[in-house]
2 protein chains.
Amino acid sequence: MQRATRALLDADSDAAQAVILGHEDITALTGHAEESAFVLLALQARVAGDLRAVVSAIHIAAEVRRMGALAVHVAEIAHRRHPSHAVPDEVSPYFEEMGSRAVELGSNARLVLMSPDPRRAAQIRQDDDEIDELHGRLRAVLMDRRWAHSVAAAVDVALLGRFYERYADHAALIARCIIFQATGHHDLQAIGERRHAQPAIQGR
Amino acid sequence: MQRATRALLDADSDAAQAVILGHEDITALTGHAEESAFVLLALQARVAGDLRAVVSAIHIAAEVRRMGALAVHVAEIAHRRHPSHAVPDEVSPYFEEMGSRAVELGSNARLVLMSPDPRRAAQIRQDDDEIDELHGRLRAVLMDRRWAHSVAAAVDVALLGRFYERYADHAALIARCIIFQATGHHDLQAIGERRHAQPAIQGR
C-alpha cells in the first residue's frame, strides 16, 4: 500500500507495476496460510467434518453481513438523491441487469446453502462473471468524455457499480465455501486466480 | 439488494429507508450465527485454544489477501493515468494522509499479530476512525459543485477513497481477530455496531 500510494501521488508507473506484480506473492502466501490451517483442521480427524462446517458457518456469516452492508450502501445513495434518480437513464439498464443478477446470485447462494448442488454453483460463477463484465462496461461509459451528467452522478454510479460487483463476489464466495464443505475441495487455487484476475477487469 | 435496487431505479425513498433499517436484523442474525459457531468451537474444550488460533489464521489470511487486492487497485489507477497524476493536487493531501494512516494500520496489525497488545489495538481503532473521517471529507469535496476537474478524475478519486477506507477496515478486522484470539473476547457487538454505523459515514 505504501508503494501503491507513492505510485499514485508521484505518478510513478514502475512503482505501480511492482505493486501489481507483487500481488502474486500475497495471493500465494495467503493461499498457503489457509491451506496449512485447513490441514491443521483436518488433523483433528475425529471431528473434522463438524469443524469444517463450523468454519464455513463463520465465513458465511461474515460474507452475509458484508452483502447486507453493500445493499445498505446502494439504498443510502438512492435515499440521498430522492426525489431525483441517483442513476441517469443512460446507465439505468446496467443497474437493472446487475441488480437482477445480484439478487439471483444471492438466492442461488441460499439454495446451495440448503442443498449443495455443483450445477447451481456453476451458475453462480457464471452470474458473477457476467456482473464483472457489466461492471467493466459501466466503467468504460463513465470514463467516456461524452458523459453528459454531473460529476456527483458519475461518482455515485462508480461507487454503485463497485457495490454490486462486491456483492456478487461475496455471494460467489459463499457458494465456494459451501461446495468446499460438501466436497472437501476448497478450490483455493481458483479463488487465488480469480482474485489475481480481478485487477485486470478493474483495469479495463 | 432487490429492494435497494428498486429504491435506486425508482427513486423510492421509503424502500431505501426500509433497507437501511432492515440492516440491523442482518447484523443481529449474522452476529448470532457467529456466536453459535464460536460456542460450538468452544465445546471442543480440549483443543479450543488451537481451534481458535486456526480459525483466526483463516480469517487473517482472507483479510490480508483483500488488503493486497486493494493496494493493487490503487496501483492500477496510478498506472492507467501515467504519466499524468491520477489525483488532482487539490485532494492530494487527503491521499497523503490516508496512505500514511493505512500503512501505519497495516504495520500495527502485523505487530499485534506477533505480540497482542491492547494499546496498539486501540491505536488501530483510532487510525481506522481517522481514515473514515478523511474519507467522509473527501466525499464532500467530490460532491461540491466547485469540483474543477474531469468526471474521470472524480470517479478515480471516489474509488480510491473507497479502496483506502476498505484497506483500513480489513487491517482493523485483523487486529480484532487477534485480540479475540488472545483474550477470548471476540467483540462481535462492537463490530456489528461499527458495520451498522458505517452507512451513516457513507451517507454524509
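Worth saying up front: this structure is predicted, and the values here are computed from it rather than measured.
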Below 4.5 Å from any heavy atom of chain B, which atoms of [X] appear? Answer side chain, backbone, both or neither.
X	value
A:S100	neither
A:E63	side chain
A:L29	neither

Chain A contact via [X] - which portion, at a heavy-atom distance below 4.5 Å:
X	result
B:A153	neither
B:A102	side chain
B:H79	both
B:Y167	side chain
B:L160	side chain

Looking at chain A, which one of [options] has the largest number of heavy-atom pairs inside 4.5 Å, strictly under?
options	answer
B:A4, B:S13, B:A154	B:S13
B:A62, B:A75, B:A78	B:A75
B:V87, B:D12, B:L70, B:D10	B:D10

Taking the side chain as everything from C-beta on, heavy atoms only, tell me whether [X] gets closer than 4.5 Å to [Y].
X	Y	answer
B:R139	A:L159	yes
A:H73	B:R162	yes
A:D156	B:M143	yes

_With salt bridge (charged side-chain N to carboxylate O under 4.0 Å, His left out) as the criterion, how do A:R65 and B:E24 come out once you've worked through the C-alpha distance, each side chain's angles and the decisive distance to 0.1 Å?_
CA-CA 10 Å; A:R65 182 193 285 127; B:E24 272 181 62; over 6 Å; no
Of all of A:D25, A:V19, A:V157, which one pairs up most often with chain B through heavy atoms under 4.5 Å apart?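 Heavy-atom pairs under 4.5 Å are most numerous for A:V19.
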*Would you mind telling me which of A:G68, A:G106, A:G161 has the largest number of heavy-atom pairs within less than 4.5 Å of chain B?*
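Of A:G68, A:G106, A:G161, A:G68 has the most heavy-atom pairs under 4.5 Å with chain B.
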Nearest heavy-atom neighbours spanning B:L142 and A:V151: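 Nearest heavy atoms, B:L142 then A:V151: O-CG1, 4.0 Å.
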Quiz item: Going through the distances and angles, do B:R3 and A:V74 end up as a side-chain contact (heavy atoms from CB on, under 4.5 Å)?
Solution: CA-CA 10 Å; B:R3 201 182 275 177; A:V74 172; over 6 Å; no
